[in-house]
Amino acid sequence: MFSYYLKLGLRSLRRNPALTALMVLTLAIGVAASVSTLTILHVMSGDPIPHKSDRLFVPLFDVGPLAGYTPGEELDDFQISYPDAVNLLKGKQGERRTAIFGIGAPIEPDRKDLGVFQTSGLALTHDFFAMFEAPFLHGQAWSDAEDDSGANVVVLSRKIAEKLYGDANPVGKRVTMLGQQFQIVGVLKPWAPMPHYYRLIGGAGKFGNEDELFIPFSSAVRNQVGPQGNMNCSGNPGPGLEGIQKSDCTWIQFWFQTKSAGERAALQDYLNSYANEQRKLGRMPRAAKNNLYDVMEWMAVNKVVGNDSKLSAWLAFGFLLLCLVNTIGLLLAKFSVRASEVGIRRALGASRREIFRQFLVETAVVGLAGGILGLLLAVAALVLIAMQSKEMGNIAHMDWVMLVFTFVLSVFAAVLAGLLPTWRACQVTPAMQLKSQ
């Protein structure tokens with residue numbers, strides 16, 4: 001019987017092609033808007049590095065003054081101070097470790113057709129590239145010895161490398177930046193496969209951009225290069241490198257990588273011991289909890305998927321609801337003109353339940369057609385977004401769960417929209433229709 005109703009549903013689609021096309025398009029647009037939004041939110045809130053996210057950790061200490069402190073209050077600063085960053089680097093805890101802060105640097109090209117231009121990037125240690133699996137197009141990261149010596153070396157993004165040198169391999173060449181010569185040791189491929197990448201590692205780039213260069217943490221400190229072109233911050237540590245080194249002004253993000261997730265407890269014990277030692281030296285007077293976050297916890301703390309993104313999801317569902325209301329009106333119009341058909345079928349012995357099943361199957365067919373079209377529109381929208389922002393990575397990818405969800409959502413939406421029109425169609429009185437015919 002179901003196959004019979006399905007055939008009737010397919011035939012009904014051809015009876016009024018304009019009305020059918022309008023219903024299918026209405027459902028498709030609603031489904032596409034919802035699915036594409038949910039896909040983006042899924043990518044944004046998903047685990048960016050699942051095979052090691054439970055082995056990457058961010059430590060946080062409270063180095064604020066005791067004055068005005070209320071025990072138990074949450075930290076409002078998600079970075080650590082320079083002294084703590086340097087001490088953690090020297091502590092050699094974990095398999096790898098890196099300190100990170102954003103920088104801005106002017107580049108003076110050798111090419112006469114290019115003027116001096118400003119770039120953004122990161123100061124970090126060489127472990128960073130292995131920790132976050134940065135893909136190299138040319139060359140490699142600088143060495144541990146160059147980290148220790150504060151060597152003037154730099155890794156460029158492919159965008160900046162092509163701007164300066166075209167398609168040539170620039171590894172080994174020198175570029176003038178910050179008024180000094182830096183040797184190029186590597187060039188990265190286009191990177192950042194997830195939209196929250198920069199918020200995860202605290203990069204200078206924003207959504208749709210990428211960090212353009214990377215220099216050693218120690219080199220940036222030696223050259224007194226900071227986010228605003230100098231290392232001084234709101235704590236006013238004083239001039240020169242000595243003032244910077246003594247400052248508790250917080251502006252550095254730190255990451256550990258352990259060999260296994262089970263080493264987290266040992267790392268937490270180390271941080272607690274370190275904080276206790278610093279308190280004996282007169283630092284960290286608040287005696288607050290020392291926090292340690294893995295990747296997913298860090299994303300939650302930083303609210304990577306913010307309220308604005310969640311609002312977008314609700315708006316998408318609201319748009320789908322609006323499409324359902326329009327579909328209900330179109331189905332009422334479609335079924336109302338078939339009153340005579342229903343009357344004849346009822347007079348020939350069809351029950352209201354059979355009429356209800358028939359019309360509900362027809363609405364499901366409309367929903368299936370809308371789902372297929374909605375899926376195509378959603379993929380097209382995601383591909384367009386990925387083309388506009390390379391940092392979105394493979395966001396157009398929809399796994400089988402999302403694929404199934406698309407069809408279920410579409411059919412469910414159509415059936416939901418068809419309940420009222422179908423119920424109205426079942427209420428046709430056979431005698432009245434036969435008399436009028």
Heavy-atom check, side chain of Leu156 versus side chain of Ile184, under 4.5 Å = yes

Atom of His126, atom of Trp142 and distance for their closest heavy-atom approach = CB-O, 3.1 Å

Side-chain heavy atoms of Glu277 within contact of Leu281, under 4.5 Å | no

Report the C-alpha separation of Thr125 and Leu89 in whole Å, then their side-chain angles, then the decisive distance to 0.1 Å, and conclude whether the side-chain contact (heavy atoms from CB on, under 4.5 Å) test is met.
-> CA-CA 9 Å; Thr125 68; Leu89 286 174; 4.0 Å; yes

Closest approach of Pro170 to Val187 (non-hydrogen atoms, all atoms of both residues) = CG-CG2, 3.6 Å

Applying side-chain contact (heavy atoms from CB on, under 4.5 Å), run through Ile100 and Ile252 and close with a yes or a no.
-> CA-CA 6 Å; Ile100 307 171; Ile252 298 173; 5.9 Å; no

Indicate yes or no: at least one non-hydrogen side-chain atom of Leu271 is less than 4.5 angstrom from one of Leu292.
-> yes

Angle class for the Trp298/Trp255 ring planes (parallel below 30°, perpendicular above 60°, tilted otherwise)?
-> perpendicular

Between Phe128 and Phe217, is the ring centre distance below 6.0 Å?
-> no

Residues Leu188 and Ala134: closest non-hydrogen pair is CD2-CB, 3.8 Å

Is it the case that Lys289 places NZ or CZ above or below the six-membered ring of Phe61, under 6.0 angstrom from the centre and within 45 degrees of the axis?
-> no

Can you name the one residue among Gln183, Gln180, Gln181 that meets side-chain hydrogen bond (donor to acceptor under 3.5 Å, both in side chains) with Asn152?
-> Gln180

Mind checking the CZ-CD spacing from Phe256 to Gln93? Nearest 0.5 Å is all I need.
-> 6.5 Å

Interatomic distance, CD1@Ile80 vs CD@Gln253, rounded to 0.5 Å, equals 9.0 Å

Check whether the side chains of Asp84 and Ser81 place a donor and an acceptor atom closer than 3.5 Å, and report yes or no.
-> yes

Sort and list the pairs that fulfil salt bridge (Lys or Arg N to Asp or Glu O under 4.0 Å) and have at least one residue in residues 100-120, not counting sequence neighbours.
-> Arg111-Asp113

Distance-only side-chain donor-acceptor flag, Asn223 / Ser219, under 3.5 Å = yes

Phe101 versus Leu124: any side-chain heavy-atom pair under 4.5 Å?
-> no

Okay, side chain of Asn291, backbone of Leu60: is any donor-acceptor separation there less than 3.5 Å?
-> no

Roughly how far, to the nearest 0.5 Å, is CG of Leu137 from CG of Asn169?
-> 7.5 Å

Nearest 0.5 Å, what's the CZ-OG1 distance between Phe182 and Thr176?
-> 10.0 Å

Nearest heavy-atom neighbours spanning Ala141 and Val185 = C-CG2, 4.4 Å

Arg97 vs Leu88 side-chain heavy atoms within contact, under 4.5 Å = no

Got a second to check how far Gln257's CD is from Glu95's CD, nearest 0.5 Å?
-> 5.0 Å

OG of Ser218 to CG of Asp148, rounded to nearest 0.5 Å, is 7.0 Å

Verdict with reasoning, Arg158 to His138, per side-chain contact (heavy atoms from CB on, under 4.5 Å) = CA-CA 9 Å; Arg158 189 176 74 174; His138 302 297; over 6 Å; no

For Lys173, which residues count as a side chain to side chain donor-acceptor pair (under 3.5 Å) partner, sequence neighbours excluded?
-> none

Closest approach of Arg264 to Glu297 (non-hydrogen atoms, all atoms of both residues) | NH2-OE1, 2.9 Å

For the residue pair Tyr274 and Tyr270, does the interplanar ring angle fall in the parallel (under 30°), tilted (30 to 60°) or perpendicular (over 60°) class?
-> parallel

Which atom of Ile215 lies closest to which atom of Ala220, heavy atoms considered = CD1-CB, 3.8 Å

Does some side-chain heavy atom of Leu213 sit less than 4.5 Å from a side-chain heavy atom of Ile107?
-> yes

Chi angles and distances behind the side-chain contact (heavy atoms from CB on, under 4.5 Å) call for Glu133, His51 | CA-CA 11 Å; Glu133 301 177 351; His51 56 286; 2.5 Å; yes

